[in-house]
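Report on one structure; see the data block that follows.
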Amino acid sequence: MSYLDELNDHQRQAVQHINGPSMVIAGAGSGKTRVLTYRIAHLIKNGADPFSILSLTFTNKAAKEMKERIASVVGYSEARNIWMGTFHSVFAKILRFEADKLGYPKNFTIYDSQDSKSVIKGILKEMNLDDKIYKPGLVFSRISGAKNNLISPQEYLNNKDVHISDEASGKPKLGEIYAAYADRCFKAGAMDFDDLLYKTNVLFRDHPQSLHAYQHKFKYLLVDEYQDTNYAQYLIVRKLAAVNENLCVVGDDAQSIYSFRGANIQNILNFKKDYPDYVLFKLEQNYRSTQTIVEAANSVIKKNKDQIQKNVWTSNDMGEPIALLRANTDNEEGRMVAQSIFEHKMNEQLKESAFAILYRTNAQSRSMEEALRKMNIPYKIFGGLSFYQRKEIKDLLAYFRLICNPKDEEALKRVINYPARGIGQTTIDKIILSAREGQHSPWDIVKEPAKFALPINKGTAGKISEFVTFIERFHHSLSIISAYDLAFEVAQSTGILKDLYTDKSPEGVARYENIQELLNGVKDFSEQRKEQGGEDRLDEFLMDVALLTDADQADEKEDYVSLMTIHASKGLEFPYVYIVGMEENLFPSQLSLNSRSDLEEERRLFYVAITRAERQATMSMANTRYRWGNLTYCEPSRFIDEIDTNFVKFPSNWDRQLSDVSDLGFGQEKSSWKSFNKKEDSSPNSYQVKEKPKPISNVPRGIPKNLKRIPQQSDTNEYTSVEGVEVGMDVEHARFGKGKVVKLEGSSPETKATIFFPGSGKKVLLLKFAKLKLLPDTS
DNA sequence: TGCCCGGGTGTTTTT
DNA sequence: CACCCGGGCA
């Protein structure tokens with residue numbers, strides 16, 4: 001059977017349109033990925049050279065999956081040669097080739113956000129600026145915004161409007177900081193994430209012959225998730241496409257959720273201006289979800305003003321109504337969700353991987369996590385602190401970075417005295433100071449301290465020179481030995497491996513395992529490169545690793561419930577989806593309430609969340625929730641009310657009236673959204689017709705703010721109600737696994753238990769802290 | 001030089 | 001609540 005037979009008419013037309021610009025507006029679940037993959041396969045079948053195809057995706061994982069699917073049509077030997085990946089990874093690769101044109105080393109470092117902020121902190125210190133006013137995170141996002149809009153430091157400094165607005169916000173030095181930051185990164189041979197796009201634009205602007213080469217190399221361009229491209233990305237695409245105009249962009253304006261990082265829906269809306277003879281394809285049939293889900297999602301998104309007209313429909317069954325869960329506390333919400341998952345799993349014999357829990361903010365994962373753990377439901381959290389951001393991983397990676405690129409200042413600062421080798425802060429400060437004076441990199445200073453008259457004593461000089469020799473030795477072997485051999489060698493001879501091995505505390509053990517995992521990762525990389533004939537070098541590995549996302553490391557083998565932010569769920573699908581924290585000020589986020597466009601983005605986010613579900617979507621909320629350690633009261637999200645009620649099943653404890661907030665002692669504080677809503681809501685009567693609202697049962701009322709937590713029945717925690725623990729019992733610990741209680745001492749709540757874990761040995765744990773679960777007696 | 005404590009502070013969302 | 005930072009102490 002031909003792959004073309006697997007497509008509906010619209011899809012097939014989009015696939016068969018080979019020449020000239022085209023845009024595919026693809027509703028949620030309408031087989032967008034299928035169109036992209038088959039279109040590429042079709043190109044190759046029709047004689048296109050895989051090397052001439054550039055396909056830009058949103059995640060590396062999506063690229064990998066697409067490649068596999070294309071390979072199944074045209075064969076692996078063809079598919080492997082397609083240029084496919086995220087903007088960031090594809091252009092990082094290109095920048096590597098062209099680095100010398102921009103004055104960067106081939107082995108330039110990619111700074112992550114932590115590195116960037118650390119650079120900014122250093123600059124603030126040197127410029128004597130208050131980091132309470134110039135908050136590093138804020139400064140960074142400002143710089144990021146400038147780069148995404150291709151504004152250079154010079155242009156930033158020269159722009160009057162920008163200057164006026166910075167002055168008005170009390171931060172007149174932002175331009176200078178930006179300039180210093182760019183300079184500092186350049187001297188360190190480092191690019192941040194935004195530079196990968198920004199510098200690509202610089203390359204194409206200042207080196208026409210280079211642009212020309214890529215324009216002719218890439219005869220076919222495909223861009224996925226076009227609605228979430230920013231200006232820098234847009235311009236790269238436009239330039240590359242300028243010669244052949246074989247450009248196909250795919251997207252859905254209703255799923256644009258990244259404007260906060262510069263994404264611009266206008267890129268979709270302006271497509272016809274740039275390519276007047278473009279062909280438009282609309283994919284409107286949804287194959288993913290039940291009719292209920294599709295219609296419910298439609299009823300929500302139609303409240304947005306800014307959108308391209310389309311009609312997403314499905315021929316699937318009606319399916320189950322959208323369920324709604326209402327809990328009294330965030331912990332109870334977790335329990336209700338876990339319970340619901342458990343029931344579906346049992347009743348319908350489903351695997352854990354059929355479920356996903358989606359939330360607005362990462363902080364919400366905790367209550368979910370706890371509840372799942374208590375019920376022994378395996379889960380995996382995506383996002384949050386990623387593997388590569390852990391301290392021990394960053395430390396070892398910093399060695400790798402420094403070895404590949406000695407100018408990397410952040411890496412140098414990180415490892416020059418780790419493990420401790422007697423080069424203290426004072427010495428580091430002197431090195432940095434000397435580097436700044438002479439416009440050198442710290443590495444230049446460290447290499448020849450005497451030449452720069454670094455005021456240090458003999459002992460320190462000796463230690464520094466030892467360190468330099470150490471790094472240089474590895475630097476020279478970079479092109480000689482394999483990535484893995486070098487990585488292992490570094491981990492061992494720095495003493496990091498041994499240090500962590502001797503540390504038998506739970507944290508130490510976990511750190512050791514993480515380092516092992518990283519080394520395994522390098523090993524995989526080395527082996528892969530050997531098989532595929534690529535260069536097996538540590539610097540190549542680093543380049544790869546810097547741009548990996550959490551979403552990239554999902555492995556299909558294991559079975560688990562997926563927990564992630566809605567943003568991270570983009571492009572994914574699950575039979576059962578739980579959208580938790582459906583509360584005003586949380587979702588929609590409080591920060592979005594001031595502007596219509598921000599609120600519309602939140603609504604699109606909600607649309608994305610609902611449309612991840614294949615069979616059923618469930619929403620949940622809590623009446624009270626801990627935020628910043630304080631108990632706060634929550635109102636149901638307006639989004640719940642925006643769904644056509646025909647598609648929602650309200651639970652018995654659902655009081656559709658909004659509770660009277662003044663009853664809760666908040667007075668005016670929370671009423672702002674109501675008045676806002678009156679202005680914006682298309683049905684002005686929706687709130688006024690309601691009778692005097694009844695208070696929600698069980699919500700403590702009339703209690704002043706900052707109250708102590710009120711113990712509630714539903715709040716008792718199985719893990720910490722440890723009264724039942726006795727000597728000889730089998731228990732399970734979140735980290736150590738199963739174990740046996742050997743000894744108990746002290747009295748509650750200070751009871752200490754000595755427990756023997758076959759995996760980790762004897763541990764003494766304070767019962768009130770240990771996350772213990774009692775296991776049934778197996779003897 | 002390194003660790004521990006206390007206070008202050010802050011939550012969207014990510015390559 | 002949880003993190004980060006700075007200051008004080010061993």
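Each chain gets a letter, A, B and so on, in the order its sequence line appears, and its residues count up from 1. Only this structure's heavy atoms are used, side chains among them; waters, hydrogens and symmetry mates stay out.
Using a 4.0 Å cut-off between charged side-chain N and carboxylate O, A/Asp115 and A/Lys394 make a salt bridge. Of the charged side-chain nitrogens involved, at least one lies within less than 4.0 Å of a carboxylate oxygen, so that A/Glu583 and A/Arg625 count as a salt-bridged pair.
Between A/Phe639 and A/Phe606, the two ring planes are parallel [angle under 30°; tilted spans 30° to 60°]. Classified by interplanar angle (parallel below 30°, tilted 30° to 60°, perpendicular above 60°), the ring pair A/Phe91/A/Phe204 is perpendicular.
A/Asp112 comes within contact range of no nucleotide atom at all, as no heavy-atom separation falls under 4.0 Å. Residue-level contact check: A/Lys570 touches neither bases nor backbone, having no heavy atom under 4.0 Å from any strand. A/Phe87 comes within contact range of no nucleotide atom at all, as no heavy-atom separation falls under 4.0 Å. Within 4.0 Å of A/Glu602, counting heavy atoms only, lies at least one base atom of the nucleic acid.
Phosphate contact (OP1/OP2 of B/dT13, side-chain N/O of A/Asn362, threshold under 4.0 Å): present. Dashed line: the shortest gap from a side-chain N or O of A/Asn230 to OP1 or OP2 of B/dT15 is not under 4.0 Å. Look at A/Ser89 and you won't find any side-chain N or O under 4.0 angstrom from OP1 or OP2 of B/dT15. For B/dT1, the OP1/OP2 oxygens have a side-chain nitrogen or oxygen of A/Thr426 closer than 4.0 Å.
The listed nucleotides are C/dC1, B/dT14, B/dT15; the one nearest the side chain of A/His567 is B/dT14. Between B/dG2, C/dC5, B/dT14, one nucleotide has an atom nearer to the side chain of A/Lys121 than all others, and that is C/dC5. Of the listed nucleotides (C/dA2, B/dG10, B/dT15), C/dA2 has the atom at the smallest distance from the side chain of A/Arg366.
Between the NZ atom of A/Lys391 and the P atom of C/dC4 there is a distance of 12 Å, rounded to whole Å. The CG-C1' distance, from A/Asp330 to C/dC1, rounds to 11 Å in whole Å. Look at CZ on A/Arg421: it is 14 Å from P on B/dT1, rounded to the nearest Å. If you take CG of A/Asp131 and P of C/dG6, they are 7 Å apart, rounded to a whole angstrom. One interatomic measurement links the two molecules: NZ of A/Lys135 to P of B/dG8, which rounds to 15 Å at whole-angstrom precision. Look at CD on A/Gln425: it is 13 Å from C1' on C/dG6, rounded to the nearest Å. Separating the CG atom of A/Asn585 from the P atom of B/dT13 is a distance of 15 Å, rounded to the nearest angstrom. Rounded to a whole Å, the CD atom of A/Glu369 is 14 Å from the C1' atom of C/dA2.
Stacking between A/Phe260 and B/dT13 is shown: the ring centroid lies under 5.5 Å from the centre of the six-membered base ring, and the planes differ by under 30°.
Heavy-atom distances to DNA chain B give each of A/Arg261 and A/Lys132 a nearest nucleotide, and the one nearer the 5′ end belongs to A/Lys132. Where A/Thr427 and A/Phe58 meet DNA chain B, the nucleotide closest to each residue was compared, and A/Thr427 sits on the side nearer the 5' end.
The gap from the P atom of B/dT13 to that of C/dC4 amounts to 15 Å, rounded to the nearest Å.
Each of A/Leu605, A/Asp228, A/Asn230, A/Thr229 was checked for a side-chain contact (heavy atoms from CB on, under 4.5 Å) with A/Tyr258, and the lone residue meeting it is A/Asp228.
Ring centers of A/Phe186 and A/Tyr104: under 6.0 Å apart, within the cut-off.
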